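Because the structure is a prediction, the values reported are computed rather than measured. Hydrogens, waters and symmetry mates play no part in the numbers below; they use all other heavy atoms, side chains included.
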Amino acid sequence: MARHHRETPVDEISDPMTALAGADLFTWLALRRVRGGRVAKVGDRYLDGEIPVPGYVAAVLDELIALGLLALATVDPSAGGRQQIAMTESGGTRYLALSEHAPAKPPESAVTERSAPTH
């Protein structure tokens, strides 16, 4: 007899962190940072304000740009070659959909990594 997978409704999930996991969680974290309006690309690095983003966020940002969920502004030579990153309409729609299942605050590791200095 074949077993059928069914998605668990959000209200049946006891641990809110299981609502978003894996790629969806990383996508939501990246979109959340961009929504804050401070994420930019300088050369091949991504910065949130002046702080480099963690590698896993940078990889997701590359994917989201390639998929058209994020857009890069024109390089601003007067700002050291910075390219601001903005959410497209599709990106905003995806962010809102993921936010319905997102934790009230980001996972502790995301908060720690964002504030931790990188070398």
Side-chain angles (χ1 to χ4, degrees):
M1 181 173 189
R3 298 180 107 178
H4 296 284
H5 171 75
R6 81 171 178 90
E7 291 187 29
T8 305
V10 175
D11 58 344
E12 289 182 24
I13 298 173
S14 59
D15 178 7
M17 286 310 300
T18 61
L20 278 183
D24 283 343
L25 179 59
F26 292 152
T27 297
W28 177 76
L29 289 169
L31 290 171
R32 185 171 183 268
R33 283 178 184 254
V34 170
R35 186 171 178 256
R38 297 171 18 112
V39 178
K41 187 171 186 179
V42 180
D44 62 349
R45 295 179 40 185
Y46 291 98
L47 303 174
D48 188 348
E50 297 302 318
I51 301 169
V53 301
Y56 72 91
V57 174
V60 173
L61 290 170
D62 283 334
E63 290 176 27
L64 296 175
I65 290 167
L67 292 170
L69 298 176
L70 298 176
L72 285 170
T74 305
V75 175
D76 184 354
S78 67
R82 263 179 114 81
Q83 289 180 281
Q84 283 303 120
I85 300 174
M87 212 179 288
T88 64
E89 186 174 335
S90 298
T93 300
R94 181 73 176 137
Y95 176 76
L96 290 175
L98 291 172
S99 291
E100 291 179 13
H101 306 287
K105 65 179 190 174
E108 195 61 36
S109 62
V111 173
T112 302
E113 287 186 40
R114 182 176 184 180
S115 59
T118 57
H119 304 285

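Leu70 and Tyr56 fall within a single hydrophobic cluster, where Ile, Leu, Val, Met, Phe, Trp and Tyr side chains are chained together by heavy-atom contacts under 4.5 Å. Residues Val39 and Leu67 share a hydrophobic cluster, clusters being chains of Ile/Leu/Val/Met/Phe/Trp/Tyr side chains in contact below 4.5 Å. In the hydrophobic clustering of ILVMFWY residues, with side-chain heavy atoms under 4.5 Å counting as a link, Leu31 and Leu47 come out apart. Val53 and Val42 sit in two unconnected hydrophobic clusters of ILVMFWY residues. Membership requires side-chain heavy atoms under 4.5 Å apart, directly or through other members.
A 4.5 Å side-chain heavy-atom check between Ile85 and Leu72 finds at least one atom pair inside the cut-off.
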- Task: Let me see the working for Thr88 and Arg94 under side-chain contact (heavy atoms from CB on, under 4.5 Å), right down to the final yes or no.
- Result: CA-CA 10 Å; Thr88 64; Arg94 181 73 176 137; over 6 Å; no

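Across all their heavy atoms, Gln84 and Gly37 have their closest contact at NE2-O, 3.4 Å. Minimum interatomic distance between Gly68 and Ser90 (heavy atoms only, all atoms of both residues): O-CB, 4.5 Å. Nearest heavy atoms, Val34 versus Met87: CG1-N, 3.9 Å. Considering all non-hydrogen atoms of both residues, Val60 and Thr27 come closest at CG1-CA, 3.9 Å.
Here Thr93 contributes atom OG1 and Glu89 contributes atom CD; the two are 5.5 Å apart, rounded to the nearest 0.5 Å. Distance CD1/Ile65 to NZ/Lys41: 5.5 Å, rounded to 0.5 Å.
Residue Arg82 qualifies as enclosed at atom CZ: its count of foreign heavy atoms under 6.0 Å is above 12.
Within the 3.5 Å criterion, the main-chain N or O of Ala73 finds a donor-acceptor partner in the side chain of Gln83.
Using cut-offs of 30° and 60° on the angle between ring planes, the pair Tyr95 and Trp28 is parallel.
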